[in-house]
Each structure stands twice: as structure tokens, then as C-alpha cells.
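Heads up, the thing below is written out as C-alpha cells.
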2 protein chains.
Amino acid sequence: MSKETITGLAKRLGISKASVSYALNGQPGVSELTRRRVLDLAEELDWYPSSSARALSRSRAGAVGMVLSADPLLIGTEPHYMAMLAGIETALAEGDMALMLRMVDKGPVQEQSTYERWAGERKVDGVLIFDHLHDDPRPTLLDRLGLPFVLHSAPASAAPASYSGTTTDHAVDAATIVDHLHDRGHRRIAHVSGPHRFVHEEERIRGVRERAARHGLEVVQVETDYALTSGHDAVVTLLRAPEAPVTAMVFGNDLMAMGGLLALRELGLRCPDDVAMVSWDDSLHCRLASPAVTALSRNPGMQGRVAAELLLALLDTGTIQTKPMPHGELVLRSSTATG
Amino acid sequence: MSKETITGLAKRLGISKASVSYALNGQPGVSELTRRRVLDLAEELDWYPSSSARALSRSRAGAVGMVLSADPLLIGTEPHYMAMLAGIETALAEGDMALMLRMVDKGPVQEQSTYERWAGERKVDGVLIFDHLHDDPRPTLLDRLGLPFVLHSAPASAAPASYSGTTTDHAVDAATIVDHLHDRGHRRIAHVSGPHRFVHEEERIRGVRERAARHGLEVVQVETDYALTSGHDAVVTLLRAPEAPVTAMVFGNDLMAMGGLLALRELGLRCPDDVAMVSWDDSLHCRLASPAVTALSRNPGMQGRVAAELLLALLDTGTIQTKPMPHGELVLRSSTATG
DNA sequence: CCTGACTGCTGAACCGGTTCAGCATCCCCT
DNA sequence: AGGGGATGCTGAACCGGTTCAGCAGTCAGG
């Protein structure tokens, strides 16, 4: 039980607190000999400076926060989040920052009051936000609170220069997907997207529509909410429609694609023979499904890592930068194979 | 930007810091009138006391830590972790505690040095540990460090009374699974377990063996490491064995069960006709697989929540308690259906 | 009328670090 | 020999809360 403090160390060594502090932090003002003596003693006692005392005097918490604002069920089943989190944590650990995690289910209000609280208590030095919304209230709020932030994975078209973030060009990804379906001979496709309030969904929708137009493809758009059952229901509705049926479907995430597969099976239809499928997120689900589902692989772990690094840079040096993420790569699987 | 401090509040109200502090914390020593005035002003300015100053003077961090010690790939694909995390976070939020998360991949050494650091810096008030090992060094270490902890999901047989934790009776779960396979007419089964260094795996293995013996079943044990490919490889090995083949397999987690299904498909065998399968963890993977896999549902979210509540109680009142978790329920699916 | 308990409040110490201004030394240069 | 600039160190203030001892004022009981 190390009840040791900096004063204790100083006494043992017969020097002042100040010198110990300088020595520990690699600051000038102490001789190399003294520095060594301090570091050695600290190691020997395995003593670490109290994080709260440090936070208080430096006015820096040494932690960044992240709010996962979603249905716990969705969070639990979406491998995407965990992969992203793992990337983020790795980068933060290297920058010697702790990750403070909060999960809220009652939507944006809870998320925002979490930020207010964190800012007021100075509990985190910055936050990472994602899933950019139309008229997103968060950047304004965070600016007002003076809480630095990085906006992760904002659509390229909506990328604002006034704050740090990673951007994704969904138009390119849309083109990749649509081109593939066109190659495979599809002429009428459905796009089952997530909620339109997400800016990235809008960009995807526009991307799909424009690229499809170029090829002379018809597109049916359906808005849903990323849940497994929504994917299922969307497919049922699509296939019951009076118009000519689509021959391929693009899903906004892997869960909906899985729901779609279930629906197809129920309806006695086969994939890809009757309907081909593509998921906008790749995950183990897509690999394991039968048929395995063609999906856009976007490496959420690496992306999370980059976002975290941007945040560290912002906190360290105040550098505001925007980093475009690499385009997704379409992993071809059976769900879009041609007979 | 609230640069307000407790001194500021005190000045505005013309009273002392001490009174403001008492008022805020619901402590006696101030009149109801004064308390109201303080609380109202705090609300109006939306001011919150600095967490680091508070942590320093109370010597309490207001956060608990958790180290996820596993291959990032495994973490990202195991829905189990996320569900548990969601439950834990919910309980902590209610107890007004923050969750500090760290992910390490280089195994136990990193995990232990994280605890040393956290304890030294007094960055967390307690930690949650899980995946109890044989001769687990962590309880001893944490005791030495004076860091309170809760051991989540320790096997009932190994439950020590000296510290708080949740326990799981794997023998009962093993019986549930074995009974089911016996009912379905299997006489020779395989048990593909996780690493034996986990105490719960040992308890499961013993549980399966004993129950099987009672029914006169033969059991083939295989030790692996929870990875998808390990499940796959185990199945290939099992089915190539010269002895009589098993007709049912029990997998230590959902990923291995998925790997097993893949292997079966490759070998041109059918589930459940040629080999039946059961997973010890339920998850979306089991539901979505084809055939859907019979699995033991254990509600990791609820269990995480209970563990977090134990930790809160321990920190609050020092209460050491052991809570047994409900037995798992076998969700019957096609992978063990009879013709 | 005096005592003692209780209420409401305050000044000051304290938590454990960081950081600034200031003070010796010592060395180099002219 | 003396001025100027590093170098190495220290005392004290400060970060923003909590908490303790103490001090008036009030009020009930003997």
C-alpha cells in the first residue's frame, strides 16, 4: 500500500518537492544526477503521482470521454462499435490518456447532458463524437462548453473546416457498390438505409442514386433504423410491392442485411438467385451468413485509432485537422455471385 | 464557459466556501434556506464541482476501472463483452461512477501493470475482474495494492468468501446441456472447451464428464482458445479421428460453434443430421447461423449489472458478498433438432 | 438568571501535486 | 578582478474542493 507522496520522496532524498516534480516530468531545472536519484527511488517504491492532484494543478483530466448513444441491444450486437472502440483505446493508451465510457439509451438529451456534466466537472479533456446529424447540436454545444472534440467519420461533403475530424467519402463507396451490382447485371435495386437524420445516410443515398442514374439503374429507397427486424421487414415490404421486384438490395449495416436474409428465407426465395445482397458494413456476421454476404470493408479499428490520434493532437497542440479515411473495399462473397 | 468555482459561488451569495460545500453535498450544517439558495445558483450557472478537486480532497476518484485483456480481434467479434459492458455501465451510471476502460492485448502482464498504475495514481476506486484463472495472481495483487475489486462470474466451486463476486454454477449448466443431448439420443459427444487455465472451463469439463457418466455417455474433450478457427480445426480433427465419430459437439463459446459449422460444411456433413451442436454462450451468431445453433442463454447484460452493483456496494459500505447467478437456459434451435 | 445543548456559520488547514520568482554557485570572458 | 549568464535548487503560492475546530446566537430547562 503506497501511501507515499511527493513530499515523502522529497524528504527521503533531502531535496524539495519542486525538484522531485521537475525530475519526474522531464523538465529542466535539475541535474542529471538528481533526476536519476528521483526516478530510481520512485521505481523502487513503485510510486506514481496521484492523478487527481495532478489533474487539479495542471487543470487537465488525463482522460477523454465517449458516449455511446444507442439502444443497448444494438450496441451489444454491432461488432462495429467494439472494433472502433478497440482502435480508439489503443491510440489513447499510447498517448497516456484514459478512456471514459458512457452508454445512454434515452437518446440525444442524455448524451448532451453528459457532455455538460463532463465539461462542468472538468472530468475529461475532450470527447469523441460520431454519427453526424443534420443540424447536429453537439458541435455548437461542445464549443459553448469549451470542450475540445473530434467528429469521427463525418461525410466528406459535410466536412467543416472549423473542427477536427475524420471524413468518409460515401459517394465513392456508393459507386463501388452500385458498379458491382451493375456488373452483375442488376437493373433494379433497393437501398435499405439507416435514418435520414444521419448525414452519412443522406450522402450514401445521393451517392447511390447518382451512380445508379449513370448506369440507367432504377433505385428504390427505404428508410429504416439499423435494427435486424427492420431489415427483415423492409425486405418483406419490398418483395410484396406491386411494381416489378428488385433483383438486388443494399443494406445500411450488417444487421439489416442479416434480417434481410432471414426474410428471404421465410419467403422461400434464394440469395443470390432471386435477390442479391450487399451490406455497407463488413463484419463476422457477413462472413458467417449463408450465403456469405458481400460487404464493404471499412476497417473501423484503424479509423477509430486515427480519430483518437486527432483528438490527442488537438489536446496537445491545438491542431485542427481533417483526415479523409480510405475508401471501403468491397469483399465479394456468395450473396452477389452470379450463377 | 463556466470558469466558476466554489469560491465564486460563495462570494456571490455572501457566505463561506464551507457552507456552499455543505449545501451541495446534502450535509447538515446549513439552514434549508441557504441550501436552496446555493442549489438554485448552481443550477442557474450550470456549475458542477470540479471532479479532480473533489477527488483530491475526498481521496476518491469517482471511477472504477476495467481491463479487457484479450486479442482485439476476439473482443471485437464477441458480442458477449459488449453486452456485459452495457450492463456494467448502466449500473455504474446509476451509482454516479464513471467507467474507465483499458484494452490490452499482451496478456496478463499488461493487465497487472495497469492495476499497479491505477492504484498508484489513485485513478480508480476499484476494479472489476473476470475470467478467473487457476492460481489467479490478480486477487493477491489487488489486495496488496489496496484496490477493491469484484470478481465477476467465478465458478461456484471456486468461490472464495474473502472477496466480493458473482458466481456461476457451471455444473448445473453442464447438466442442462448434457441432458438435452442425451434426450436427443446422442451417446458419444465432444466438448470443445476454452483454455484450461480458466477455472470455469475446468468446472465445465468436470460437469460435462460427470453428467455424461451418469447417462453412460462417452465424452471426448478438446482444449482450444475460443477463436473461430480453433472451433473449425477442432471439428476437423475430431471427425478425422480413427475412433467412432461423435454425434454431437458442445462448444465453449459461440465463435467456436460458428467455426465448427463452417468445418462441417467444408467436410460435406450436415448439422444436425450428421453432427448436432450446442454453444455454451448464446448470441446473435447462434440465432442467425444456418442451422441456428442451440445455445445456453446466460444474459451477460444482467450479470454485468449485478457485478457492478456489488462493486458499488463494496466501495460504499465495504460489504463483501457473493451472489450466485441464475442458471443458463438452453435455447433450443435447429442444430440439435431431431429429424 | 445561569447552564448547556443545539443551530448555522466561518476561517483555516488539508489533499498532493505544479510552477513561478528568487537565490546561491560556478564558470567564462574581457 | 569583476560583470554576465547558466545551472541547480528552494520556498511559497496555487489548483478547487472538503472538513474540522471554534464561535456567536437562540432556546429550553432547572
Side-chain angles (χ1 to χ4, degrees), chain A residues 1-39 41-42 45-63 96 117-125 146, chain B residues 1-39 41-42 45 47-63 96 117-125:
Chain A
M1 180 121 32
S2 83
K3 297 217 69 136
E4 209 45 86
T5 72
I6 198 174
T7 313
L9 288 223
K11 280 214 187 97
R12 281 172 197 257
L13 293 169
I15 59 179
S16 71
K17 280 168 53 169
S19 296
V20 177
S21 175
Y22 290 139
L24 284 171
N25 296 306
Q27 302 232 3
V30 284
S31 65
E32 266 321 302
L33 174 67
T34 309
R35 189 184 305 277
R36 269 260 60 81
R37 292 211 304 140
V38 170
L39 293 179
L41 182 58
L45 303 175
D46 36 32
W47 171 84
Y48 295 88
S50 145
S51 65
S52 38
R54 207 169 227 193
L56 180 58
S57 52
R58 290 214 250 222
S59 350
R60 216 159 179 287
D96 217 31
R117 183 106 189 254
W118 277 349
E121 296 181 332
R122 267 137 298 174
K123 198 165 185 97
V124 297
D125 296 317
Chain B
M1 180 124 29
S2 82
K3 297 217 67 137
E4 209 47 85
T5 71
I6 199 174
T7 313
L9 288 224
K11 279 215 186 93
R12 281 174 197 256
L13 293 169
I15 59 178
S16 71
K17 280 168 55 169
S19 297
V20 177
S21 175
Y22 290 140
L24 285 171
N25 296 307
Q27 303 232 4
V30 283
S31 64
E32 266 321 301
L33 175 68
T34 309
R35 190 185 303 278
R36 268 260 60 81
R37 293 212 305 141
V38 170
L39 292 178
L41 183 59
L45 302 176
W47 171 84
Y48 295 89
S50 146
S51 64
S52 38
R54 208 171 227 193
L56 180 58
S57 51
R58 289 213 248 217
S59 349
R60 214 158 181 288
D96 216 30
R117 183 108 190 252
W118 276 348
E121 296 183 331
R122 267 136 298 174
K123 199 165 186 98
V124 297
D125 297 318

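Convention: sequence-line order gives letters A, B, ...; per-chain numbering from 1.
- Residue B:L56 contributes atom CG, which lies 9 Å from atom C1' of D:dG16 at whole-angstrom precision.
- In this structure, the side chains of B:I15 and B:V38 come closer than 4.5 Å at one or more pairs of heavy atoms.
- In this structure, A:L41 and A:V20 have side chains that are not in contact, with every pair of non-hydrogen atoms separated by 4.5 Å or more.
- Atom CZ in A:R58 sits 5.0 Å away from atom CG in A:N25 (nearest 0.5 Å).
- For C:dG16, neither phosphate oxygen OP1 nor OP2 lies less than 4.0 angstrom from any side-chain nitrogen or oxygen of A:S50.
- Taking atom NZ on B:K123 and atom P on C:dG17, their separation rounds to 13 Å, with Å as the unit.
- In this structure, CZ of B:R54 is placed 16 Å from C1' of D:dC15, rounded to the nearest angstrom.
- Taking side-chain N and O atoms only, A:W47 has no distance below 4.0 Å to OP1 or OP2 of C:dG16.
- Using a 4.0 Å heavy-atom distance criterion, A:T5 is classed as a sugar-phosphate-only contact.
- Atom C1' of nucleotide D:dG17 and atom CG of B:N25 are separated by 9 Å, given to the nearest angstrom.
- Proximity note for A:A53 (side chain, C-beta onward) versus C:dC15, C:dG17, D:dC15: the nearest is C:dG17.
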- Query: Which parts of nucleotides 7-13 of chain C does protein reach within less than 4.0 Å, heavy atoms only, written one letter per nucleotide 5' to 3' as B for base, S for sugar-phosphate only and - for none?
  - Reply: -SBBB--

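- Taking 4.0 angstrom as the limit, B:Q27 places a side-chain polar atom (N or O) nearer than this to OP1 or OP2 of D:dT19.
- For the residue pair A:A10 and A:S16, the shortest heavy atom distance occurs at CB-C, 3.7 Å.
- Going from atom CD of B:E4 over to atom C1' of D:dG16 covers 12 Å, rounded to whole Å.
- For B:R60, there are no side-chain hydrogen bond (donor to acceptor under 3.5 Å, both in side chains) partners at least two apart in sequence or on another chain.
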